Each structure stands twice: as structure tokens, then as C-alpha cells.
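Read the structure below first, then the notes.
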Protein chains: 2
Amino acid sequence: MSISEIAKHLNVSKSTVSLVINGKAEQGRISQELAKRIMDYVNEIGYKPNALAKSLATGKTHTIGLIVENIGDSFFGPIALHIEEYLRQHGYYVLYSSTLGEEDIARNIVQAMVDKQVEGLILSPTIGQEAQVMQVLKNKMPLVIFDRRIPGVETNYVGTDNYTASKKAVEHLFDSGFSQIGMITIDSQQPQMLDRLRGYHEIIAKRKAKPQLLQLSYTLERPDRIQAIKEFLQNNKQLDALYFSTNYLCVSTLKAIQLLPKAKTYGMLAFDDHELFELLNPKISCIRQPLEDIAKAIVATLIAQIKEPKKSFTDQVIPSDLIIRQSSR
Amino acid sequence: MSISEIAKHLNVSKSTVSLVINGKAEQGRISQELAKRIMDYVNEIGYKPNALAKSLATGKTHTIGLIVENIGDSFFGPIALHIEEYLRQHGYYVLYSSTLGEEDIARNIVQAMVDKQVEGLILSPTIGQEAQVMQVLKNKMPLVIFDRRIPGVETNYVGTDNYTASKKAVEHLFDSGFSQIGMITIDSQQPQMLDRLRGYHEIIAKRKAKPQLLQLSYTLERPDRIQAIKEFLQNNKQLDALYFSTNYLCVSTLKAIQLLPKAKTYGMLAFDDHELFELLNPKISCIRQPLEDIAKAIVATLIAQIKEPKKSFTDQVIPSDLIIRQSSR
DNA sequence: TCTAATTGCAAAACCGGTTTTGCAAAAGAA
DNA sequence: TTCTTTTGCAAAACCGGTTTTGCAATTAGA
């Protein structure tokens with residue numbers, strides 16, 4: 001049922017129907033009786049306007065694009081939930097996609113969302129999206145980047161201080177009495193990963209220790225990852241503590257440790273919390289990013305920019321907490 | 001840049017531009033040279049058509065609505081990822097929302113997605129959506145319900161056999177030597193929950209045991225839930241095994257057990273797997289729904305219905321595996 | 001050489017709305 | 001009573017595309 005059909009049925013013009021439906025009867029000088037007659041019929045047949053046509057006419061889609069690396073992930077999933085809730089409070093819907101860290105998927109998705117006239121974008125970018133993001137910015141599309149920056153591109157950004165948090169984490173392991181502290185990370189060139197790595201190296205150097213690093217390919221399947229970690233542990237028996245750049249690397253390592261011929265306990269600390277960390281024995285400490293605060297900051301920044309296209313960008317670094325769970329040995 | 005502006009710039013009609021851009025130069029009998037001239041200019045300025053206008057004209061949005069209970073959840077998150085991947089392979093985008101199990105949110109979301117002309121809906125419904133879903137069906141919108149059925153409404157459905165799986169699970173606990181088997185669940189009227197409960201009662205009766213049930217409100221915050229479970233355990237010291245209708249109830253219980261004044265080990269078995277179950281000591285068995293298979297079936301069903309509006313619905317019950325992790329005591 | 005068919009594109013209609021403009025009839029002012 | 005406002009709504013233009021139709025110019029056919 002279209003507005004034209006309604007108009008025809010009631011023998012009025014569609015402009016009249018449109019005005020009445022949108023509560024602009026007054027301003028369109030439509031008489032009360034006619035307005036009532038129209039509303040009655042509209043309610044009777046349960047008419048709902050075609051949102052596409054409406055968006056085309058008004059230029060408003062009430063939709064925000066949300067692009068994360070992996071919606072099934074224990075970091076992005078919950079953050080997506082919070083973002084969605086805050087956006088809903090502002091009357092926006094979410095068009096989402098996962099990039100799986102792949103450049104071409106990411107680019108296609110951004111393009112598709114821009115084409116679909118989203119009113120803003122929330123993006124956790126991959127490597128190689130610089131040019132596209134600059135293009136998006138040039139077109140004045142409201143945009144917030146989160147979790148990782150795009151080096152050399154100035155945008156709104158919300159994330160945590162990976163470098164500082166990483167330093168605190170490694171310091172804590174030293175302070176807990178460990179001395180042979182290895183780091184397990186992925187060989188990604190993403191800034192947040194590089195920052196975490198830099199923090200590790202810095203403290204290792206400060207304590208005059210030797211860096212012991214396992215860098216795994218992001219594309220490695222889980223079983224291969226576990227195998228690689230297992231070998232790393234077996235070839236580096238001197239290790240007494242491990243620092244992980246992500247929580248899932250820690251989970252994989254726990255699995256790898258199970259597979260070791262003889263059990264061994266490590267001091268462990270991971271970037272990003274995980275439900276299981278407090279349920280293990282010994283518990284596992286972590287750096288916890290305040291997901292709700294991050295989501296709130298992202299949405300607030302985006303809405304602000306939509307309402308009033310800004311001249312300058314905001315760069316918000318939300319501190320993470322070091323959650324200390326295990327006692328020093 | 002619109003297609004009209006391009007046409008004006010090149011002194012041609014916009015119909016010509018449209019035909020060329022969409023590779024219909026042949027069928028529109030546009031000369032090669034003109035087609036090339038148009039394509040060159042289009043590429044030069046990097047024109048991308050407005051997807052809204054295109055959708056309005058063609059009636060195709062290439063968008064599917066995905067409505068889950070909670071995208072941050074360890075069941076819905078990963079399943080959403082898989083659904084998204086399969087849909088991408090078919091050229092569809094995803095508009096998603098979480099209902100948080102709330103009726104009015106769910107209804108608004110479905111309405112919004114229908115208004116936005118999604119080409120199909122994938123829905124994990126809440127209680128009270130019957131009428132709306134029937135309305136959606138009457139409008140011939142392709143639809144797949146998953147995880148839980150809507151009693152009395154015939155639709156496409158993909159889910160697991162909650163009743164049978166539940167029976168197998170409780171049987172397994174008995175067979176492992178436990179005799180005082182409690183069940184912890186939420187007091188939801190959702191069919192999948194009722195089926196799980198029914199399976200428990202059936203086996204308990206068959207073994208001539210006494211049902212021992214804790215039904216928690218879905219709206220309970222996590223700390224309160226943990227507290228309630230703790231009290232339940234303290235008031236029912238005879239319990240030696242626990243069966244959980246969802247994995248997060250098991251996780252909450254693990255937390256509650258930590259808080260008990262003196263440690264106790266239970267036989268435990270949960271509906272839905274969780275990363276941590278195989279990392280604990282003792283490990284926790286579970287019923288594992290095959291997420292990828294479920295996602296694949298959902299998408300296949302939906303695509304089939306889009307391509308060829310069916311007369312009849314398919315009801316697919318995908319068996320779950322009982323993953324036995326702990327050894328019998 | 002005259003008519004018929006084909007070529008090449010412009011123009012128009014349409015998708016389903018919103019918003020501005022215009023105009024006849026009624027009401028008010030002089 | 002005549003001119004000016006105001007009222008109440010229809011008509012038209014627009015959003016940015018797609019697709020069908022129509023028509024002049026060229027080519028082919030006889």
C-alpha cells in the first residue's frame with residue numbers, strides 16, 4: 001500500500017496524506033475533519049511508509065554503519081552490543097559487518113555502506129584502508145575509528161592506551177617475581193599491536209632482560225596456532241611468565257599447556273579480559289578495556305559530529321585497568 | 001554527484017548513462033564510442049550510484065535483517081558471524097539488532113527492517129511476537145526463525161532438538177554415577193527452554209529421582225544470579241551434579257562455587273559449549289550445537305525462499321553433539 | 001528511388017515518498 | 001459591494017535512480 005493509493009482511495013492528494021501522516025496538518029492547513037478521516041483510514045489499513053523512499057526524499061536513513069573485525073569475538077561482540085544500545089537510544093539503526101581483517105572485504109563494506117547513505121560510520125580499520133578513509137572524510141561523512149588508529153590519518157578516535165597498559169602489565173609480571181617473561185602476539189602491523197609490543201620491549205630493556213617473542217600469523221588456524229605455541233614453550237623452557245597481546249592467544253596457550261607432556265605453571269597476563277580468566281586456577285590477570293565507556297565515547301563522538309559537523313577531530317584515549325588476579329608466587 | 005549531473009556534463013540523457021553504467025549499452029543500442037566516453041568520465045570522477053535510489057527503483061536492497069537476542073553472547077555472536085559470511089557469499093548485507101529478549105524492542109526492530117525493505121528476515125524471536133510474525137508471513141516476506149520456535153505459527157525453522165539433547169545429557173549424568181542431579185535454568189517460556197526442561201523432567205522421572213530445580217529470572221543481573229545460585233547450592237547440599245540450560249548459567253555457577261565457604265566438585269553439563277569448559281579442571285561436558293551447520297542451513301533456507309517463494313515451510317532440526325569431557329568419577 | 005527496418009539516443013514514466021507552490025473559494029475589511 | 005486576506009487543498013517539483021517508449025536519422029531491401 002503506497003501513499004498514492006491511500007490518496008486515491010480517499011479522493012485527496014498524496015501531499016495532503018503525507019502532511020497529515022507526518023503531523024504537519026496544521027502547517028499544511030489541512031482541516032481537522034479531513035486529517036481525522038485520513039488518519040482513521042491509515043490506522044485501519046496499518047499503513048507504514050516505505051523507509052527507502054522516505055530516506056531518499058529526506059536524506060535521512062537513521063542508520064549507522066558498524067564495521068568490526070569479528071562480531072563473534074569476545075571483544076567486538078560485547079562492544080557491538082553496547083554501541084547498538086546507545087545508538088538505539090539516539091534513534092539510529094545499525095548496519096554491521098565483520099571484515100575478518102581482510103582488506104578487500106573491508107573496502108567493499110565501507111563502500112557499500114557509503115552507497116547506502118549511512119549517516120555515520122564506526123570503523124575498526126584494517127591495514128590498507130588509509131586512502132579510502134581519507135576519501136570518506138573528504139566527503140564529510142561522520143566517522144569514528146576505534147580500537148586502532150590509522151597512522152598518518154587524522155580522524156575521530158576512541159581507544160585505550162595500549163603502550164602504557166602494556167608497560168604496566170609487564171612491570172607487574174616483573175614485580176611479581178618473574179624474570180623470564182615471554183610475549184606471545186600476532187605479527188600484525190596494526191598500531192595497537194605495535195604499541196603493545198613496544199611496551200613489552202621497553203620494560204624488558206629497562207629491566208635488562210632478554211626479549212623472548214613468539215609472533216604468530218593472524219591467518220593461522222587455531223590448531224596450528226596451538227601447535228606453534230606448544231613448540232615455542234618446549235623450545236624455551238626457561239620461560240616463567242607469559243604476556244599475551246590478546247585474550248584469545250592466552251586461551252590458545254592454555255590449551256597448548258594442556259598438551260605439554262608435563263604440566264607447568266606460568267605467570268600469565270593477557271590484553272583484554274575473558275570470562276574464563278577468573279575461573280581458572282590460578283586465575284589469570286589481564287588488562288581490561290572498559291567496554292561500556294569505550295562504546296559510550298564512540299557513540300557520543302559520532303552523534304556530536306552528525307549534529308554539528310566539526311572542524312576538528314577528537315582523539316580519546318580511555319585508560320584500561322590492570323586487573324590483578326593471581327597472587328605473586 | 002548524481003547521474004543527472006553526469007548526463008548534463010556529457011550532454012547525454014540520464015537514461016543513456018544509466019544503461020551504460022549497468023552494462024546494458026548493448027541492449028539499449030548505445031554506440032561503443034559513446035559508451036566509452038561515458039565510462040571514462042564515470043571512472044574519472046569515481047561515481048558510485050546512490051544505493052537508496054537504486055533500491056527504490058529496482059525493489060532490491062540486497063539486505064537481510066538479522067535479529068538475535070544478544071550479539072555479544074557466545075552463542076549468537078559466532079552464529080551471526082557465520083550467517084554474515086554465508087550471506088556475503090550470496091551478495092547480501094546484514095542489518096542486525098539485538099532484542100535483549102524484550103518484546104517491544106523486538107517488535108520495533110522487525111517493523112523497522114520491514115519498512116527498510118529488507119529482502120528477508122532471520123529471527124530469533126521473543127515471546128509475544130506471534131501476531132507480528134504472522135503479519136510478516138502474510139506479506140510474503142522470506143523469513144527463517146532460529147534457535148526457538150513460535151508455538152502455533154508455522155514458519156521456516158532451524159534449530160536443534162532441545163528435548164532429545166537434554167534427555168541424553170541427563171542420562172549421561174546418571175550413567176556417570178551421579179544420582180542427585182539438579183537443573184539450573186531460566187524461567188523463560190521460550191519453547192527451546194521448555195523443551196530442555198521437559199527432557200530433564202522426563203529422565204528424572206524415568207530414573208525415579210527427584211527433580212531439583214532452580215529457575216532464575218532472565219532479567220536478573222549477573223551478581224544477583226550468582227548469589228541466587230550460591231544459595232541454591234547451600235540449601236541443597238545433597239546435589240552431586242548439575243545440568244544447565246545455557247552455558248552462561250554454568251559460568252555463573254562456577255563463579256558461585258568459588259564463593260562457597262568450602263570447595264565442592266559437581267558433575268556438570270551445560271547446554272551450549274563455551275571456550276572455558278575444556279580448560280577447567282575437571283573439564284565440563286556440554287551439548288554442542290553445530291553453529292556453522294545451523295548458520296548454513298538458515299542462510300540456505302532463506303536464499304531458497306527468496307529465489308523461489310515457496311508454498312511450504314521447512315523445519316530443520318539439526319542434531320547436537322554431546323561432548324563428554326569429564327571422565328566418570 | 002521509394003519504403004521498411006534498424007540504429008542511436010532522448011524523453012517520459014515510474015519507484016514512493018516530501019515539500020514548495022499555486023489557485024479557487026470563503027471570509028474579512030473597507 | 002468590491003477588494004484583500006486567509007483557508008484548504010491539489011498540483012508540481014524533487015530525491016536519484018531504472019526501464020520503457022518514441023522518434024529522427026541512417027541503412028537495407030526491393
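To find a chain, count down the sequence lines: A is the first, B the second, and so on, and within it residues start at 1. Computed from a prediction, not measured in an experiment: that's the story for all the values here.
- On a pure distance criterion of 3.5 Å, no polar donor-acceptor pair joins the side chain of Lys54(B) and the base of dG16(D).
- Rounded to whole Å, the distance from CD on Glu5(A) to C1' on dG17(C) is 13 Å.
- dG17(C) atom C1' lies 16 Å from atom NZ of Lys48(A), rounded to whole Å.
- Using a 4.0 Å heavy-atom distance criterion, Ser15(B) is classed as a base contact.
- The phosphate of dC15(C) (OP1 or OP2) has no side-chain N or O of Asn50(A) nearer than 4.0 angstrom.
- Put simply, NZ on Lys60(B) is 11 Å from P on dT19(D), counting in whole angstrom units.
- Each of dT18(C), dG17(D), dC9(C) was ranked by its minimum atom distance to the side chain of Ile30(B); first place goes to dC9(C).
- Within the 4.0 Å cut-off from OP1 or OP2 of dG16(C), not a single side-chain nitrogen or oxygen of Tyr47(A) is found.
- Atom CD of Gln27(A) and atom P of dT7(D) are 15 Å apart (whole Å).
- Within 4.0 Å (heavy atoms only), Leu52(B) reaches no atom of the nucleic acid at all.
- Between Thr58(A) and Asn11(B), the residue anchored closer to the 5' end of DNA chain C is Asn11(B), taking for each the nucleotide with the nearest heavy atom.
- In terms of position along DNA chain C, the nucleotide closest to Ala57(B) lies nearer the 5' end than the nucleotide closest to the other residue of the pair Ala57(B) and Ser18(A).
- The listed nucleotides are dG16(D), dG8(D), dC9(C); the one nearest the side chain of Arg29(A) is dG8(D).
- Each of Pro49(B) and Thr16(A) has a nearest nucleotide on DNA chain D; the 5'-most of these lies closest to Thr16(A).
- Side-chain contact of Tyr218(A) with Glu69(A): a donor-acceptor pair under 3.5 Å is present, judged by distance alone.
- Counting only heavy atoms from C-beta on, Leu34(A) has its side chain closest to dC9(D) among dA10(C), dC9(D), dT19(D).
- Within 4.0 Å (heavy atoms only), Asp115(B) reaches no atom of the nucleic acid at all.
- Neither side chain, Ser18(B) nor Lys24(B), offers a donor N or O lying under 3.5 Å from an acceptor on the other.
- Ranking dT18(D), dG17(C), dG8(D) by closeness to the Lys14(B) side chain, first place goes to dT18(D).
- Separating the CG atom of Leu19(B) from the P atom of dA11(C) is a distance of 15 Å, rounded to the nearest angstrom.
- Contact annotation: Lys24(B) side-chain N/O to dT19(D) OP1/OP2 distance is under 4.0 Å.
- Using modelled atom types and a 3.5 Å distance limit, the side chains of Ser98(B) and Glu84(A) yield a donor-acceptor pair.
- Below 30°, between 30° and 60°, or above 60°: for Tyr92(A) and His62(A) the angle between ring planes is between 30° and 60°, a tilted geometry.
- Residue contacts shown for Ser2(B) are limited to sugar-phosphate atoms, with no base heavy atom under 4.0 Å away.
- When rounded to the nearest whole Å, the span between CD1 of Ile3(A) and C1' of dA10(D) equals 14 Å.
- Taking atom CD of residue Glu33(A) and atom P of nucleotide dT7(D), one finds them 15 Å apart after rounding to whole Å.
- The closest side-chain donor-acceptor pair between Thr126(B) and Glu102(B), if any, does not fall under 3.5 angstrom.
- Residue-level contact check: Gly28(A) touches the bases, meaning some heavy atom is under 4.0 Å from a base atom.
- Among dA11(D), dA10(C), dG17(C), the nucleotide with an atom closest to any side-chain atom of Ser13(B) is dA10(C).
- Rounded to a whole Å, the CE atom of Met1(B) is 14 Å from the C1' atom of dG16(D).
- Relative orientation of the Tyr96(A) and Tyr96(B) rings is perpendicular, given thresholds of 30° and 60° on the angle between their planes.
- If you check every strand for non-hydrogen atoms under 4.0 Å, Ser31(B) touches sugar and phosphate atoms only.
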